[in-house]
Asker: 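Following this message is one structure expressed as structure tokens.
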Amino acid sequence: MSGIVVEMVAWLAGINVLLAVFNAVPAAPLDGGRLLRAFLWWRTGDRLRATAGAAAAGRVFGWLLVVFGLIAFMRTGAFGGLWPALIGWFLIAAATAEGRQAQLRGVLAGVPVRDAMTLKPLTVSADTTVVGFLTGSRYRYRHSAFPVTDDGAPVGLVTLDSARKVPQAEAHAVTVSEVMVPLTQTTVVEPDAPLADLLPRMEPGAEHRVLVMDHGRLVGIVSLSDVSRTVTWLMNTAPGRRGGL
């Protein structure tokens, strides 16, 4: 029994050493890639270029693993040889995503949220019934989510999808406040907050709209499509920000 235990410990130790060595490879998104980015940032003083360099190294390392895995599979015929190829493909995708995110942050550097938000968004009162919300002409064909207010103060966010889930028989009695996303569960930012810092916190979906508030007063709303339009405008009108996403 002691011999089996020793072999298991030795096997686990070998696996951990192998993982540590693999993780130290200077290629994003591995830990070694973080060190490479820090070194390049120190040498160039440009965070964007440093991240792009680490991401490029990650893609190169990923393609090497893909080629190695495919060659191993063709030579041995064992499906185990495809593992390096799968890992390499994951590294390529992760490094590419990291590089694109860095480029996007570079384009949005210095841009405040107010430059991307929709000003003075249409709001709905918290005591409005669901049927009134769905049939109201002012809420048709415009947006998929609306800030909810109570006595003028924002209290949440309601989407057309959440309202439509209410059974028709109950829609006359259920109010918007009962189907909204509460303000405590909604992302709220100030108009002068950096847009680049907000972007990682944003998610797809109408229920993830961001409310922009200035000293408790609702001044705007931001969606991913708003950010996309802002990026497109910056790329087309500001030559210094062009870098290709």
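In this text the structure is predicted, and so the values were computed from the model without any measurement.
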Asker: Between T135 and V131, is there a donor-acceptor pair closer than 3.5 Å when you use the side chain of the first and the backbone of the second?
Answerer: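 Here the side-chain-to-backbone pair exists.
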Asker: Does either side chain, that of S125 or that of D127, offer a donor lying less than 3.5 Å from an acceptor on the other one?
Answerer: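 There is such a pair between these side chains.
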Asker: Are L134 and R164 packed together at the side-chain level, in the sense that at least one heavy-atom pair is separated by less than 4.5 angstrom?
Answerer: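 Side-chain contact under 4.5 Å: yes.
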Asker: Which atom names give the shortest non-hydrogen contact between D115 and T230, and what distance separates them?
Answerer: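 Minimum heavy-atom separation between D115 and T230: O-OG1, 4.0 Å.
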Asker: When rounded to the nearest 0.5 angstrom, what distance separates CZ in R59 from CD in E98?
Answerer: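 Between R59 CZ and E98 CD, I get 10.0 Å after rounding to 0.5 Å.
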Asker: What distance separates L86 CG from L65 CG, expressed to the nearest 0.5 Å?
Answerer: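 With rounding to 0.5 Å, CG (L86) is 10.5 Å from CG (L65).
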Asker: If you apply the rule side chain to side chain contact (heavy atoms under 4.5 Å, CB included), what do you find for W63 with V66, and how did you get there?
Answerer: CA-CA 5 Å; W63 279 116; V66 169; 4.2 Å; yes
Asker: How close do F133 and T128 get, heavy atom to heavy atom, and via which atoms?
Answerer: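 Closest heavy-atom pair between F133 and T128: N-CG2, 3.8 Å.
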Asker: Could you pull out the closest heavy-atom pair between L218 and P121, with the gap in Å?
Answerer: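 Nearest heavy atoms, L218 then P121: CD2-CG, 4.0 Å.
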Asker: Is there a donor-acceptor pair closer than 3.5 Å between any side-chain N or O of T96 and the backbone N or O of I92?
Answerer: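 Yes: the side chain of T96 pairs with the backbone of I92.
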Asker: With a 4.5 Å cut-off on side-chain heavy-atom distances among I, L, V, M, F, W and Y, is there a chain of contacts connecting V227 to L119?
Answerer: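 Hydrophobic grouping puts V227 with L119.
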Asker: Which of parallel (below 30°), tilted (30 to 60°) and perpendicular (above 60°) describes W42 and F39?
Answerer: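 Taking F39 first and then W42, their aromatic rings sit tilted (interplane angle of 30° to 60°).
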Asker: Determine whether F68 and F90 fall in the same hydrophobic cluster, where Ile, Leu, Val, Met, Phe, Trp and Tyr are linked whenever their side-chain heavy atoms lie under 4.5 Å apart.
Answerer: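 No; F90 is not reachable from F68 via cluster members.
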Asker: Any non-hydrogen side-chain atom of V158 less than 4.5 Å from a side-chain atom of V179?
Answerer: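 Sidechains of V179 and V158: in contact.
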Asker: Can you tell me if R34 has over 12 outside heavy atoms packed within less than 6.0 Å of its CZ?
Answerer: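 Count over threshold, so yes.
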Asker: Does L199 share a hydrophobic cluster with M117, counting links as ILVMFWY side-chain heavy atoms below 4.5 Å and allowing steps through other members?
Answerer: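 Yes.
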Asker: When clusters are formed by joining ILVMFWY residues with side-chain heavy atoms under 4.5 Å apart, either directly or through shared neighbours, do V189 and L183 land in the same one?
Answerer: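 In one cluster: no.
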Asker: Roughly how far, to the nearest 0.5 Å, is the CD atom of E170 from the CD atom of E178?
Answerer: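 Result: 9.5 Å between the selected atoms.
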Asker: Taking atom types as modelled, find out whether T159 and S162 have a side-chain donor-acceptor pair closer than 3.5 angstrom.
Answerer: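 S162 and T159 do have a side-chain donor-acceptor pair below 3.5 Å.
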Asker: If Ile, Leu, Val, Met, Phe, Trp and Tyr residues are connected whenever their side-chain heavy atoms lie under 4.5 Å apart, and connections chain through other members, are M202 and L108 in the same group?
Answerer: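 Yes; tracing contacts between hydrophobic side chains, which count when under 4.5 Å, links both residues.
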Asker: Output the distance between atom NZ (K120) and atom CG (L122), rounded to the nearest 0.5 Å.
Answerer: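 K120 atom NZ to L122 atom CG measures 13.5 Å (nearest 0.5 Å).
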Asker: Short question: side chain of D197, backbone of P194 - any donor-acceptor pair under 3.5 Å?
Answerer: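 Checked: no pair found.
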Asker: How far does NE2 of H143 sit from CG of L160, to the nearest 0.5 angstrom?
Answerer: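 Output value for this atom pair is 10.5 Å.
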Asker: Around atom CG of D151, are there more than 12 heavy atoms of other residues, nucleotides or ligands at under 6.0 Å?
Answerer: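 No, because the 6.0 Å sphere around CG of D151 holds 12 heavy atoms or fewer from other groups.
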Asker: I need the single residue from T175, V155, L157, L211 that forms a side-chain contact (heavy atoms from CB on, under 4.5 Å) with V148. Which is it?
Answerer: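 Answer to the side-chain contact (heavy atoms from CB on, under 4.5 Å) test with V148 among T175, V155, L157, L211: V155.
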Asker: Under 4.0 Å between a side-chain nitrogen and a carboxylate oxygen: does that hold for R209 and E203?
Answerer: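 No, R209 and E203 are not salt-bridged.
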Asker: To the nearest 0.5 Å, what is the distance between CG (D150) and OG1 (T123)?
Answerer: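 D150 atom CG to T123 atom OG1 measures 11.5 Å (nearest 0.5 Å).
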Asker: Determine the minimum heavy-atom distance between A54 and R37, stating which atoms define it.
Answerer: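 Answer, listing the atom of A54 first, then R37: CB-CB, 4.0 Å.
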Asker: Looking at P112 and P191, what are the two nearest heavy atoms and their distance?
Answerer: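 Smallest heavy-atom distance, with atoms named: CB-O, 3.7 Å.
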Asker: What is the minimum heavy-atom distance between A206 and A145, and which atoms define it?
Answerer: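 Between these two residues, the closest heavy atoms are O-CB, 3.4 Å.
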